[in-house]
Amino acid sequence: MNLNDIKYHIPIHRTLLMGCGLLFCGIFTLLLISTISIHELEFSDIFLLPVIAIFSIATNYLGFKTIFNYNKFIQLELNDNKLKFLIVGKGKAAGLNYYIMPKFETIEYKNIIYINIVKVDLFDNKIQMLLKDNSIILLPFLYNNIIELEEVINEIKKRLK
């Protein structure tokens, strides 16, 4: 049975919120630079000014990039024979994985024994997979509502058969 490849993107409201937050930080630091330069510059400000300028440029760039590419951040991809998901939160600067070469991990469907939804926190549900080597993986899937999460589970179960 040949099923279509499906890509699940990070929800639009999350990426737009992140982009607007980055733009707010960038504009705030840009205003901070302008107020420092309007008043008298002290000796300690000379060392602080380049750091603030670099932070402002970086956050404005990442904010604009996030807002203009809001629908291109893939977090889960279902192919015919493997599941590919975005690695989130490993190491320093894990948030940059979205921008600079996102890192994906793949799992073949033949290695998955069981899959279900697990309630981790009060408001957080995750996809739990039991693999043949007796390891358990919790997928860091960002979803809009529980119906979308159940749809993803059903699509994966179709591919397991």
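Atom CG of L23 sits about 13.0 Å away from atom OH of Y61, to the nearest 0.5 Å. In this structure, CG on L78 lies 12.0 Å from NZ on K84, to the nearest 0.5 angstrom. Remark: L86 CG to F73 CZ distance equals 10.0 Å, nearest 0.5 Å. Rounding to the nearest 0.5 Å gives a distance of 10.0 Å between CG of L130 and CD1 of I112. To the nearest 0.5 Å, the span separating NZ on K82 from NZ on K110 amounts to 12.0 Å. The distance from atom CD1 of I27 to atom SG of C20, rounded to the nearest 0.5 Å, is 9.5 Å.
Linking Ile, Leu, Val, Met, Phe, Trp and Tyr residues whenever their side-chain heavy atoms come within less than 4.5 Å leaves F28 and F55 in two separate clusters. Linking ILVMFWY residues whenever their side-chain heavy atoms come closer than 4.5 Å, directly or via other members, leaves F68 and L22 in distinct clusters. Linking ILVMFWY residues whenever their side-chain heavy atoms come closer than 4.5 Å, directly or via other members, places F64 and I67 in the same cluster. By the criterion of side-chain heavy atoms lying less than 4.5 angstrom apart, applied directly or through intervening Ile, Leu, Val, Met, Phe, Trp or Tyr residues, Y8 is grouped together with I115 in one hydrophobic cluster.
Looking only at side-chain heavy atoms (C-beta outward), F85 and I107 come within less than 4.5 Å of each other. No side-chain heavy atom of Y109 sits less than 4.5 Å from a side-chain heavy atom of K157. Counting heavy atoms from C-beta outward, I117 and E150 have side chains that approach closer than 4.5 Å. At a threshold of 4.5 Å between non-hydrogen side-chain atoms, the residues N125 and V120 do not count as touching. Using a 4.5 Å heavy-atom threshold, the side chains of I137 and M129 count as touching. At a threshold of 4.5 Å between non-hydrogen side-chain atoms, the residues E155 and I6 count as touching. Looking at I153 and N116, their side chains never come closer than 4.5 Å, going by heavy atoms from C-beta outward.
At least one donor-acceptor pair closer than 3.5 Å links the side chain of R159 to the backbone N or O of N79. When atom types are taken as modelled, the side chain of S135 and the backbone of L131 share no donor-acceptor pair closer than 3.5 angstrom. Checked by atom type and distance alone, the side chain of T59 pairs as donor or acceptor with a backbone atom of G26 at under 3.5 Å. S56 places no side-chain N or O within 3.5 Å of a backbone atom of A53 that could act as its donor or acceptor partner. No side-chain donor-acceptor contact under 3.5 Å links N69 to the backbone of K72.
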For the pair Q75 and I10, evaluate side chain to side chain contact (heavy atoms under 4.5 Å, CB included) and give the outcome as yes or no after the intermediate values. CA-CA 6 Å; Q75 65 174 334; I10 294 175; 3.9 Å; yes
Could you walk me through whether E108 and N81 pass the side chain to side chain contact (heavy atoms under 4.5 Å, CB included) check? CA-CA 6 Å; E108 292 185 5; N81 56 358; 6.0 Å; no
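When all heavy atoms of F141 and L149 are compared, the closest pair comes out as CD2-CD1, 3.8 Å. Of all the heavy atoms in P11 and N144, the pair that sits closest is CB-OD1, 3.0 Å. Across every non-hydrogen atom of K132 and I113, the tightest pair is CA-CD1, 3.5 Å. Of all heavy-atom pairs spanning Y143 and D124, the tightest one is OH-C, 4.2 Å. Here the closest non-hydrogen pair linking Q128 and L138 is CB-CD2, 3.7 Å. Nearest heavy-atom pair, Y70 versus T15, reported as atom, atom and distance to 0.1 Å: O-OG1, 3.3 Å.
Just one of T106, I127, L139 meets the side-chain contact (heavy atoms from CB on, under 4.5 Å) condition when paired with L83; it is L139.
For NZ of K119, the number of neighbouring non-hydrogen atoms (other residues, nucleotides, ligands) closer than 6.0 Å is greater than 12. Within a 6.0 Å radius of CD1 in I146, other residues, nucleotides and ligands contribute more than 12 heavy atoms.
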